[in-house]
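Encoded as structure tokens, the structure appears first; notes follow it.
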Amino acid sequence: PYTKRPRGSSVQNHPKTTAKKSSDQQKQHLTLYDKLQIIDYCDKHPNLSQESVVEYFANWSDALGGKLVFSQSTMSRMMKDRTKLGAHAAANPTALSLKKARVVTEPEVERALYLWVRHLNIEKGELASGPMLQVKRTAFEEALGIPNKRRLTGKG
């Protein structure tokens, strides 16, 4: 009854990015992966001005067919915080797709939740909802003997 439209190529096992199609000019918050790409480009081209780098990424097309739109002041902030960004990526590889740094108070609970969600998705083909994660987090905190004053109480 209708003509199927061809889908674009999908890239598997790739961190999220905020790269936009060329028709979208609005600035977006960059993911950690995007910031590290920009810093890496600056390291490889040390003689370029920040304005040139911003222009390069505004006209750039990545593997997903998008571009990164940001200002020179954003780039300046990234270059100032480059050691923090690199350390955060090294400490938490899943952070590459995040736009803001997440604070992990109990790494053991975080790891257990990660493995549980992965098992749920891969083995059972189910998705975890927010309330499911909260209940499981509480169960893992109890099982790992986390003191009550260090347990998370919010919905996050």
Side-chain angles (χ1 to χ4, degrees), residues 7-21 24-44 46 50 53-54 56-58 60-156:
R7 293 184 180 189
S9 64
S10 90
V11 179
Q12 298 294 329
N13 297 328
H14 198 278
K16 287 183 185 176
T17 180
T18 55
K20 298 293 175 191
K21 300 291 183 193
D24 192 356
Q25 294 292 334
Q26 187 176 6
K27 289 186 229 175
Q28 297 288 321
H29 292 287
L30 301 173
T31 63
L32 180 58
Y33 176 72
D34 296 335
K35 292 175 184 177
L36 292 176
Q37 281 187 306
I38 294 165
I39 290 169
D40 185 50
Y41 181 80
C42 290
D43 289 343
K44 290 178 182 174
Q50 289 185 350
V53 174
V54 170
Y56 170 79
F57 281 98
W60 175 66
S61 182
D62 71 348
L64 302 175
K67 61 184 180 173
L68 299 174
V69 180
F70 58 97
S71 66
Q72 182 272 324
S73 62
T74 300
M75 185 180 160
S76 181
R77 247 179 285 116
M78 280 188 292
M79 297 308 287
K80 185 177 88 176
D81 295 337
R82 69 189 308 149
T83 54
K84 285 184 198 174
L85 295 171
H88 184 62
N92 186 2
T94 60
L96 290 175
S97 297
L98 300 177
K99 294 180 183 181
K100 286 175 53 177
R102 236 174 10 109
V103 177
V104 176
T105 57
E106 296 297 332
E108 310 89 33
V109 175
E110 179 75 12
R111 179 77 178 150
L113 277 173
Y114 168 76
L115 292 173
W116 176 76
V117 168
R118 190 167 173 226
H119 166 76
L120 195 67
N121 289 343
I122 293 171
E123 302 289 326
K124 295 185 175 182
E126 297 177 18
L127 294 176
S129 66
M132 288 171 69
L133 288 170
Q134 291 170 4
V135 170
K136 208 57 161 167
R137 179 197 70 216
T138 303
F140 285 139
E141 287 172 337
E142 287 177 21
L144 294 169
I146 306 297
N148 285 336
K149 67 180 183 176
R150 288 182 29 203
R151 292 184 185 186
L152 295 177
T153 57
K155 293 183 178 182

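FYI, side chains are in, hydrogens and waters are out, and symmetry mates aren't considered; it's all heavy atoms of this structure.
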If the condition is side-chain contact (heavy atoms from CB on, under 4.5 Å), which residues does Tyr56 pass it with, not counting sequence neighbours? Tyr41, Trp60
Please list, chain by chain and in numerical order, all residues satisfying side-chain contact (heavy atoms from CB on, under 4.5 Å) with Val117, sequence neighbours excluded. Asn121, Ala128, Leu133
Just by modelled atom types, is the Val109 backbone N or O under 3.5 Å from a matching donor or acceptor in the Glu141 side chain? no
The side-chain hydrogen bond (donor to acceptor under 3.5 Å, both in side chains) partners of Lys44 (sequence neighbours excluded) come to Asp40
With sequence neighbours excluded, tell me which residues meet salt bridge (charged side-chain N to carboxylate O under 4.0 Å, His left out) with Glu110. Arg102
Spacing of Thr31 atom OG1 and Leu36 atom CG [to the nearest 0.5 Å]: 8.5 Å
Sequence-distant partners of Glu126, side-chain hydrogen bond (donor to acceptor under 3.5 Å, both in side chains), two or more places apart: none
Using the ring-ring contact (aromatic ring centres under 6.0 Å, His included) criterion, which residues pair with Phe140? Sequence neighbours excluded. none
Do Phe70 and Lys35 have side chains that get closer than 4.5 Å, going by heavy atoms? no
So does Arg151 have more than 12 non-hydrogen atoms from other groups sitting under 6.0 Å from CZ? yes
Just jot down the side-chain hydrogen bond (donor to acceptor under 3.5 Å, both in side chains) partners of Ser129, sequence neighbours excluded, or say none. none
Under 3.5 Å, sequence neighbours excluded: what are the donor-acceptor pairs made by side chains of residues 75-83?
from, atom 1, to, atom 2, distance (Å)
Arg82, NH2, Asp43, OD1, 2.1
Arg82, NH2, Asp43, OD2, 2.9

Spacing of CG belonging to Asp34 relative to NE2 belonging to His29, to within rounding of 0.5 Å: 12.5 Å
ring-ring contact (aromatic ring centres under 6.0 Å, His included) partners for Tyr114, two or more places apart: none
What pairs with Glu106 under side-chain hydrogen bond (donor to acceptor under 3.5 Å, both in side chains), at least two apart in sequence or on another chain? Arg150
Please report the interatomic distance CD1(Ile39) to CG(Leu32), rounded to the nearest 0.5 Å. 8.5 Å
Evaluate the side-chain proximity of Ile38 to Leu30: yes if any heavy-atom separation is below 4.5 Å, no if none is. yes
